[in-house]
A.B. asks: 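Can you keep this structure in mind? I'll have questions shortly.
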Amino acid sequence: MKCIERFKELWKSYNVFRIAVVIHLCYFIISLICVLTILRDQNDFLIYFNAGRIFYTNINDLYNQEHYIWDYRYLPLSAMFFVPFYLLGFDLGFIVFHVLNLILNILICVLLYKIIRLVRKEDHEQDDKRIILYISLYLVAAPQMFNYILGQINLYITFFMLIALYIFLEFEQLKWHLLGSMVLGLSIVLKPTALLLIPFLIVINYNVYHKKLIFDFYKSAIRIIGVIFPISLNIIIFLLYPKLWDGFVETNFTGGNPLTLNFSFSITKIILNFCYMYNIPFNQIYILLIVFGIFGILGYIFFLFGKYHERDSIIYGFTFGLVITLLVYYDSWNHHLLNLTPLLIILIFILPRNSDITDKYIKKGFFFFSFFDLAFMGLWFLTVLWFPYNFASTIFLLLIFYGLSKHSLSTDNKDSFNKHVKKIQGGKV
């Protein structure tokens with residue numbers, strides 16, 4: 001009842017919220033009609049549906065890509081999640097899946113509101129008007145329609161990631177951090193988007209002023225154990241069905257799929273497209289590892305030396321991890337941005353109200369990803385024969401990476417950082 005009353009209050013008080021809800025429901029209805037009619041054979045839900053069918057009927061064939069219109073890349077336990085949708089049949093299964101996506105978007109908005117209220121700094125407006133504005137922008141963002149019409153699972157990842165983030169921010173007890181990291185691990189089982197967030201779960205800082213490394217061993221160990229546990233359950237499946245391991249590795253790393261010309265905006269893919277275009281010999285694994293080495297190491301160094309407010313480090317860590325993932329992995333698609341934009345919204349409220357970093361990097365990235373990225377995907381199809389590089393989102397990802405790095409080392413954070421260090425040394429963090 002409280003949720004309904006709150007919705008009515010927002011509906012009456014905020015015109016932008018009413019518009020956002022109407023537009024979002026239009027996205028939902030149009031995509032539902034399209035998938036059940038003209039796009040029945042061209043959507044990602046069909047891949048998940050078939051993965052659930054094969055897991056249920058003949059698991060050894062899970063990575064036989066002849067069963068799919070596009071490659072199935074995820075961990076084997078992910079397919080188990082889609083078995084119920086297969087048992088419902090395609091039409092009813094998609095309707096249930098689609099409604100669950102809508103419910104997840106509602107829950108994501110609630111989580112965003114709660115997290116922002118938890119971490120918002122004092123120099124920001126203390127009413128809800130600006131929070132509702134950004135939540136409304138999230139609801140009308142173009143990737144929402146793309147995610148719905150593809151029947152994608154990105155909202156599940158965003159939901160689990162925000163649940164984990166809320167738990168880390170709200171609760172101090174180790175049992176809660178174990179639960180939060182297990183929730184994050186579950187998201188990785190479902191789709192490995194958040195895999196590179198794992199190193200950022202470690203509670204560690206280097207105090208450049210006192211030249212001392214601050215490391216919370218117990219909290220770090222609990223978090224790592226929690227996130228690894230759900231993922232490690234896939235080892236049982238790989239041991240029971242050894243053929244699956246070979247199929248998983250070939251599909252994701254060593255096979256021909258990473259070489260296919262496509263509109264992914266990762267740096268790795270842009271390099272591969274360049275090599276493909278000009279017949280330059282290359283090894284996709286080496287390119288992946290080099291790009292990952294550069295951005296992974298740099299990102300973690302900036303995180304290690306970051307001077308953050310006591311609770312903010314996990315938010316910056318999550319954002320670093322996702323930005324690095326999108327820059328590095330072969331396939332970074334427009335709908336993946338629904339995992340990143342909620343974190344950018346949160347950053348807008350924890351950075352200083354008039355921060356240059358917010359204006360120059362975070363806000364620009366948020367608005368581009370939300371409303372202009374799909375246009376550049378369309379442009380890629382027009383230029384693919386002679387210029388197969390979808391580089392616009394790459395530029396904004398690099399700007400966000402630079403903005404995060406610059407803020408991490410900013411001397412403006414010195415006072416809050418020193419308070420954070422004292423609390424860790426006192427055993428309170």
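Predicted model only: the values in this text are computed from it and were never measured. The first residue in the sequence is number 1, and the count goes up from there.
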A.B. asks: Could you tell me whether Phe171 atom CZ has more than 12 heavy atoms of other residues or ligands within 6.0 Å of it?
C.D. replies: yes
A.B. asks: Looking just at side-chain N and O atoms, do His407 and Tyr308 make a donor-acceptor pair shorter than 3.5 Å?
C.D. replies: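 Result is no, nothing qualifies.
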A.B. asks: Taking the six-membered ring for Trp, are the ring centroids of Phe265 and Phe391 within less than 6.0 Å of each other?
C.D. replies: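 No - the distance between ring centres of Phe265 and Phe391 does not fall below the 6.0 Å cut-off.
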A.B. asks: So, Tyr278 versus Phe274, ring centres under 6.0 angstrom or not?
C.D. replies: yes
A.B. asks: For the residue pair Phe146 and Trp333, is the inter-centroid distance of their aromatic rings smaller than 6.0 Å?
C.D. replies: no
A.B. asks: When rounded to the nearest 0.5 angstrom, what is the spacing between OG1 in Thr358 and CZ in Phe366?
C.D. replies: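 Rounded to the nearest 0.5 Å, the OG1-CZ separation comes out at 13.0 Å.
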A.B. asks: Please determine, by modelled atom types, if His336 and Thr193 share a side-chain donor-acceptor pair under 3.5 angstrom.
C.D. replies: no
A.B. asks: Find the distance between CG (Leu107) and CG (Leu155) and round it off to the nearest 0.5 Å.
C.D. replies: 10.5 Å
A.B. asks: How about His67 and Asn50: does a side-chain donor come under 3.5 Å of a side-chain acceptor?
C.D. replies: no
A.B. asks: Suppose we call two aromatic rings close when their centres sit under 6.0 Å apart. Are Phe318 and Phe200 close by that rule?
C.D. replies: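 Centroid distance Phe318-Phe200: not below 6.0 Å, so no.
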A.B. asks: Can you confirm whether Tyr166 is buried at OH, in the sense that more than 12 heavy atoms of other residues, nucleotides or ligands lie under 6.0 Å from that atom?
C.D. replies: yes
A.B. asks: Assess the pair Tyr72 and Tyr74: is the distance between their ring centroids shorter than 6.0 Å?
C.D. replies: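 Yes, close enough.
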A.B. asks: Measuring from atom CG of Asn354 to atom CG of Asp123, what distance do you get when rounded to the nearest 0.5 angstrom?
C.D. replies: 7.5 Å
A.B. asks: Decide, yes or no, whether a salt bridge links Glu172 with Lys219 under the criterion of side-chain N to carboxylate O below 4.0 Å.
C.D. replies: yes
A.B. asks: Quick one: is the NZ or CZ of Arg6 closer than 6.0 Å to the six-membered ring centre of Tyr113, and within 45° of its axis?
C.D. replies: yes
A.B. asks: Do Glu170 and Lys114 sit within salt-bridge range, that is, some charged N less than 4.0 Å from a carboxylate O?
C.D. replies: no
A.B. asks: Between atom CG of Leu398 and atom OH of Tyr361, what is the distance when rounded to the nearest 0.5 Å?
C.D. replies: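 Between atom CG of Leu398 and atom OH of Tyr361 there are 12.0 Å.
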A.B. asks: Assess, by modelled atom type and distance only, whether the side chains of Tyr27 and Asn147 contain a donor and an acceptor separated by less than 3.5 Å.
C.D. replies: no
A.B. asks: Given 3.5 Å as the limit, does a donor-acceptor pair link the side chain of Asn234 with the main chain of Ile231, or not?
C.D. replies: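 Yes: the side chain of Asn234 pairs with the backbone of Ile231.
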A.B. asks: Among Leu162, Ile350, Leu343, Val110, which residue satisfies the side-chain contact (heavy atoms from CB on, under 4.5 Å) criterion with Ile115?
C.D. replies: Leu162
A.B. asks: So, the side chain of Asn205 versus the backbone of Gly306: is there a donor-acceptor pair under 3.5 Å, distance only?
C.D. replies: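 Side chain of Asn205 to backbone of Gly306, a donor-acceptor pair under 3.5 Å: yes, one is there.
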A.B. asks: Would you call Asp128 and Arg117 a salt bridge, taking side-chain N to carboxylate O under 4.0 Å as the test?
C.D. replies: yes
A.B. asks: Give a yes or no answer on whether the side chain of Ser78 reaches the backbone of Leu190 with a donor-acceptor pair at less than 3.5 Å.
C.D. replies: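 Judged by distance alone, yes, a pair lies under 3.5 Å.
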A.B. asks: Using the rule given for ring-ring contact (aromatic ring centres under 6.0 Å, His included), can you reason through Phe85 versus Phe94, listing the C-alpha separation, both sets of side-chain angles and the distance that settles it, and then say yes or no?
C.D. replies: CA-CA 7 Å; Phe85 299 106; Phe94 178 74; 9.6 Å; no
A.B. asks: Minimum heavy-atom separation for Asn262 to Ser264, with atom names?
C.D. replies: OD1-N, 3.1 Å
A.B. asks: Could you tell me whether a side-chain N or O of Thr394 sits under 3.5 Å from a main-chain N or O of Ile267, the two making a donor and an acceptor?
C.D. replies: no
A.B. asks: Which heavy atom of Phe215 sits nearest to which heavy atom of Ser220, and what is that distance?
C.D. replies: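 That would be CE1-OG, 3.4 Å.
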A.B. asks: Please report the shortest heavy-atom distance between Asn43 and Ile69, naming the atom on each side.
C.D. replies: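 So the two residues come closest at O-CD1, 3.6 Å.
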A.B. asks: Using distance alone, with no hydrogens and no angle criterion, decide if Asp71 and Thr251 have a side-chain donor and acceptor under 3.5 Å apart.
C.D. replies: no
A.B. asks: Counting only heavy atoms not in Phe90, do more than 12 sit closer than 6.0 Å to its CZ atom?
C.D. replies: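 Enclosed: over 12 neighbouring heavy atoms sit under 6.0 Å from CZ of Phe90.
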A.B. asks: Measure centre to centre between the rings of Phe28 and His98, then say whether the value is under 6.0 Å.
C.D. replies: yes
A.B. asks: Between Phe372 and Phe367, does the ring centre distance come in under 6.0 Å?
C.D. replies: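 Here the rings of Phe367 and Phe372 have centres that are no less than 6.0 Å from each other.
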A.B. asks: Hey, is the main chain of Tyr286 close enough, under 3.5 Å, to the side chain of Asn283 for a donor-acceptor pair?
C.D. replies: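 Looks like yes, one N/O pair under 3.5 Å.
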A.B. asks: Tell me if the aromatic rings of Phe302 and Tyr402 count as close, with their centers under 6.0 Å from one another.
C.D. replies: no
A.B. asks: Between Trp380 and Pro388 (side chain of the first, backbone of the second, donor and acceptor by atom type, cut-off under 3.5 Å), is there such a pair?
C.D. replies: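 Yes; at least one donor-acceptor contact below 3.5 Å.
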A.B. asks: Between Phe168 and His177, is a ring-ring contact (aromatic ring centres under 6.0 Å, His included) present by the stated rule, with each step listed?
C.D. replies: CA-CA 6 Å; Phe168 292 146; His177 285 257; 5.3 Å; yes
A.B. asks: Indicate yes or no for a side-chain donor-acceptor contact from Arg130 to the backbone of Glu125 under 3.5 Å, with no hydrogens or angles considered.
C.D. replies: no
A.B. asks: I need the single residue from Ile29, Val140, Asn105 that forms a side-chain contact (heavy atoms from CB on, under 4.5 Å) with His24. Which is it?
C.D. replies: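 Checked Ile29, Val140, Asn105 against His24; only one passes side-chain contact (heavy atoms from CB on, under 4.5 Å): Asn105.
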A.B. asks: Assess the residue pair Tyr134 and Phe349 against the criterion (ring-ring contact (aromatic ring centres under 6.0 Å, His included)); give the C-alpha distance rounded to whole Å, side-chain angles, the decisive distance to 0.1 Å, and a yes or no.
C.D. replies: CA-CA 10 Å; Tyr134 276 97; Phe349 286 89; 5.8 Å; yes
A.B. asks: Check whether Ser405 reaches the backbone of Phe401 with its side chain - one donor and one acceptor, N or O, closer than 3.5 Å.
C.D. replies: yes
A.B. asks: Salt bridge between Arg223 and Asp216, side-chain N to carboxylate O under 4.0 Å?
C.D. replies: no
A.B. asks: Which heavy-atom pair separates Leu374 from Ala142 by the least distance, and what is that distance?
C.D. replies: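 Minimum heavy-atom separation between Leu374 and Ala142: CD1-CB, 3.5 Å.
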A.B. asks: With Tyr300 as reference, evaluate Leu196, Ile324, Ile204 under the side-chain contact (heavy atoms from CB on, under 4.5 Å) test and give the passing residue.
C.D. replies: Ile204
A.B. asks: For Ser181 versus Ile222, what's the shortest heavy-atom pair and its separation?
C.D. replies: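 Reported closest heavy-atom pair: OG-O, 3.7 Å.
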A.B. asks: Ring-plane angle category for Tyr389 and Phe387, please: parallel below 30°, perpendicular beyond 60°, tilted otherwise.
C.D. replies: perpendicular
A.B. asks: For residues Tyr48 and Tyr86, is any side-chain donor paired with an opposing acceptor at under 3.5 Å?
C.D. replies: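 Tyr48 vs Tyr86: no donor-acceptor pair found between side chains.
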A.B. asks: Could you go step by step and tell me if Phe159 and Tyr156 meet the ring-ring contact (aromatic ring centres under 6.0 Å, His included) rule?
C.D. replies: CA-CA 5 Å; Phe159 173 69; Tyr156 292 81; 8.4 Å; no
A.B. asks: For Trp176, does the CH2 atom sit with more than 12 other heavy atoms under 6.0 Å from it, leaving out its own atoms?
C.D. replies: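 12 or below, so no.
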A.B. asks: Looking at Phe229, I want to see if its CZ is surrounded by more than 12 non-hydrogen atoms of other residues, nucleotides or ligands under 6.0 Å.
C.D. replies: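 Check fails, neighbour count at 12 or below.
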A.B. asks: Output yes when Asp356 and Lys406 qualify as a salt bridge under the 4.0 Å nitrogen-oxygen rule, no when they do not.
C.D. replies: no
A.B. asks: Is the gap between the ring centers of Phe82 and Phe49 under 6.0 Å?
C.D. replies: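 Here the rings of Phe49 and Phe82 have centres that are no less than 6.0 Å from each other.
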A.B. asks: List the steps and the verdict of salt bridge (Lys or Arg N to Asp or Glu O under 4.0 Å) for Lys364 and Asp359.
C.D. replies: CA-CA 7 Å; Lys364 284 183 171 60; Asp359 292 335; over 6 Å; no
A.B. asks: Whether the side chain of Ser332 engages the backbone of Leu326 through a donor-acceptor N/O pair (distance < 3.5 Å, no angle test) should be reported.
C.D. replies: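 Looks like yes, one N/O pair under 3.5 Å.
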A.B. asks: Working to the nearest 0.5 Å, report the span between CG of Asn101 and CG of Asn154.
C.D. replies: 9.0 Å
A.B. asks: Atom SG of Cys3 and atom CD1 of Ile106: how far apart are they, to the nearest 0.5 Å?
C.D. replies: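 Taking SG in Cys3 and CD1 in Ile106, the distance rounds to 9.5 Å.
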A.B. asks: Mark yes or no for whether His124, through its side chain, and Leu351, through its backbone, hold a donor-acceptor pair below 3.5 Å.
C.D. replies: yes
A.B. asks: Just checking, any donor-acceptor pair under 3.5 angstrom between side chains of Lys269 and Asn390?
C.D. replies: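 There is no such pair between these side chains.
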